[in-house]
Amino acid sequence: MPDFNQIACNFGSSRLESQMRFIAEVDKVKQVLRRTLLTDKSRRENDAEHSWHLALMAPVLQEYAAEPFNMEHVLKMVIFHDLIEVYAGDTFAFDKTGNLDKEEREKAAADKLFAILPPEQGSEFRALWEEFDAMQTADAKYAAALDRLQPFLHNALTDGHTWRLGKVTRQDVMHRMQPAIDALPGIAPFILSTIEQHIAEGIILPD
């Protein structure tokens, strides 16, 4: 199987080569496994599947957003938000130790990944990643809410798989889900009742 350098001479410009190199590199996101199971419990989902699911949820759930947002911008954010995990790996949301150096690892990964692109594109797409993480704009709040809601729904459909793995408490799950509760007030009752149901079932631990 040829590597990228063996076909690079065919692109015709260094700009196109950089863009194609980036596209080829982020194909590795399909190999990054998350802790979340598919809803049929057959295997763990990968980052590419997760990002696709968020892109689907964005238009489906837009009526529940607390603030007006720009759909194109949100879709870009959810597509780009986990690409840095090609280098940084996935950090389990409920791994308190793993999350201690998450910011540092992901920043180094962003430095490496977005530098592959032509400079103006690299800056644009890195800014999307940074905006998503900051959760300050209406677009980022909505995108981040979807990012919290998707694995929450999967947990509800897989007997609390990652909640069991993390031995999580109500406080842990509430902290994780607060951005979704705030940005998606119409969905908040579902979130809260699902948490209480799983506490009653002994899957989420009481505080």
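Model, not experiment: these values are computed from the prediction.
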Query - Distance (rounded to the nearest 0.5 Å) between Glu45 CD and His154 NE2 - result: 5.5 Å

Report task. Please indicate whether Glu67 has more than 12 foreign heavy atoms, meaning atoms of other residues, nucleotides or ligands, lying under 6.0 Å from its CD. Result -> yes

Query raised in the report: Is Val26 linked to Met20 within one hydrophobic cluster, defined over Ile, Leu, Val, Met, Phe, Trp and Tyr using a side-chain heavy-atom separation of less than 4.5 Å?
Result: no

**Report entry** Under 3.5 Å: donor-acceptor pair, side chain of Arg148, backbone of Arg176
**Finding:** yes

Query raised in the report: Hey, would you say the Phe125 and Phe114 ring centroids sit under 6.0 Å apart?
Result: no

Query raised in the report: Taking a hydrophobic cluster as the set of Ile, Leu, Val, Met, Phe, Trp and Tyr residues connected by side-chain heavy atoms closer than 4.5 Å, whether directly or through intermediates, do Met57 and Phe190 fall within one such cluster?
Result: yes

Query raised in the report: Looking only at heavy atoms, what is the nearest atom pair of Leu128 and Met77, with distance?
Result: O-CG, 3.6 Å

Requested in this report: Please step through side chain to side chain contact (heavy atoms under 4.5 Å, CB included) for the pair Thr36 and His161, ending with a clear verdict.
Outcome: CA-CA 7 Å; Thr36 306; His161 175 70; over 6 Å; no

**Report entry** Residues Trp129, Glu106; criterion side chain to side chain contact (heavy atoms under 4.5 Å, CB included); working and verdict
**Finding:** CA-CA 10 Å; Trp129 171 72; Glu106 291 191 347; 3.9 Å; yes

Report task. Give the minimum heavy-atom separation between Gly98 and Asp101, together with the two atoms involved. Result -> O-OD1, 3.1 Å

Query - From Phe94 atom CZ to Arg164 atom CZ, the distance as rounded to the nearest 0.5 Å - result: 14.0 Å

Query raised in the report: Near Gln62 CD, under 6.0 Å, is it more than 12 heavy atoms from other residues, nucleotides or ligands?
Result: yes

Query raised in the report: Are the side chain of His81 and the backbone of Val78 linked by a donor-acceptor contact shorter than 3.5 Å?
Result: yes

Query raised in the report: Phe80 and Ile116: same hydrophobic cluster, using ILVMFWY side-chain contacts below 4.5 Å?
Result: yes

Query raised in the report: Atom CG of Leu37 and atom OG1 of Thr158: how far apart are they, to the nearest 0.5 Å?
Result: 5.0 Å

Query - Carboxylate-amine/guanidinium proximity below 4.0 Å for Arg126 and Asp111 - result: yes

Report task. Output, in order, the C-alpha distance, side-chain angles, deciding distance and verdict of side chain to side chain contact (heavy atoms under 4.5 Å, CB included) for Ile199 and Val173. Result -> CA-CA 11 Å; Ile199 291 171; Val173 181; over 6 Å; no

Query raised in the report: Just wondering, more than 12 heavy atoms not from Glu72 lying within 6.0 Å of its CD?
Result: no

Query raised in the report: Minimum heavy-atom separation for Gly160 to Ile203, with atom names?
Result: CA-CG2, 3.8 Å

Query raised in the report: So do Arg105 and Thr91 actually touch side chain to side chain, heavy atoms under 4.5 Å?
Result: yes

Query raised in the report: Say you draw a straight line from CD of Gln31 to CG of Asp27; how long is it, rounded to the nearest 0.5 Å?
Result: 7.0 Å

Query raised in the report: Transitively linked via ILVMFWY side-chain contacts under 4.5 Å: Ile195 with Leu205?
Result: no

Query raised in the report: Can a salt bridge be assigned to the pair Arg21 and Glu17 using a cut-off of 4.0 Å between side-chain N and carboxylate O?
Result: yes

**Report entry** Atom CD of Gln171 with >12 non-hydrogen neighbours under 6.0 angstrom
**Finding:** no

**Report entry** Residues Asp40 and Ser42: side-chain donor-acceptor under 3.5 angstrom
**Finding:** yes

Query raised in the report: Is the backbone of Leu75 close enough, under 3.5 Å, to the side chain of Asp139 for a donor and an acceptor to pair up by distance?
Result: no

Query raised in the report: Same hydrophobic cluster for Leu192 and Phe152, using side-chain heavy-atom links shorter than 4.5 Å among ILVMFWY?
Result: yes

**Report entry** Parallel, tilted or perpendicular, as decided by the 30° and 60° cut-offs, for the rings of Trp163 and His198
**Finding:** perpendicular

Query raised in the report: For the residue pair Glu25 and Tyr87, what are the closest heavy atoms and their distance?
Result: OE2-OH, 2.6 Å

Query - Asn46 and Leu33, any side-chain heavy atoms less than 4.5 Å apart - result: yes

Query - Asp172 (side chain) donor-acceptor with Thr169 (main chain) under 3.5 angstrom - result: yes

Query raised in the report: Hey, does the side chain of Asp90 reach the backbone of Arg34 with a donor-acceptor pair shorter than 3.5 angstrom?
Result: no

Query - Closest approach of Ile191 to Ala180 (non-hydrogen atoms, all atoms of both residues) - result: CD1-CB, 4.0 Å

Query raised in the report: At what distance, to the nearest 0.5 angstrom, does CG of Leu113 lie from CD of Glu85?
Result: 11.5 Å

Report task. Apply side chain to side chain contact (heavy atoms under 4.5 Å, CB included) to the pair Leu117 and Glu124, showing each step before the final yes or no. Result -> CA-CA 10 Å; Leu117 285 160; Glu124 175 191 355; over 6 Å; no

Report task. Report the distance from atom CD1 of Ile181 to atom CD1 of Ile187, rounding to the nearest 0.5 Å. Result -> 11.0 Å

Query raised in the report: Hey, are Lys102 and Asp133 close enough for a salt bridge, meaning a charged N less than 4.0 Å from a carboxylate O?
Result: no

Query raised in the report: So, Glu49 and Lys30, do they make that salt bridge, N to O below 4.0 Å?
Result: no

Query raised in the report: Within the side chain of Arg170, is there an N or O that forms a donor-acceptor pair under 3.5 Å with the backbone of Pro206?
Result: no

Query raised in the report: Any Lys/Arg nitrogen of Glu131 or Lys76 sitting under 4.0 Å from an Asp/Glu carboxylate oxygen of the other?
Result: no

Query raised in the report: Just by distance, do the side chain of Thr162 and the backbone of Leu165 share a donor-acceptor pair under 3.5 Å?
Result: no

Query - Polar side-chain atom of Tyr142 near backbone of Met71 as donor-acceptor pair, under 3.5 Å - result: no

Report task. Give the minimum heavy-atom separation between Ala156 and Thr194, together with the two atoms involved. Result -> CB-CG2, 3.9 Å

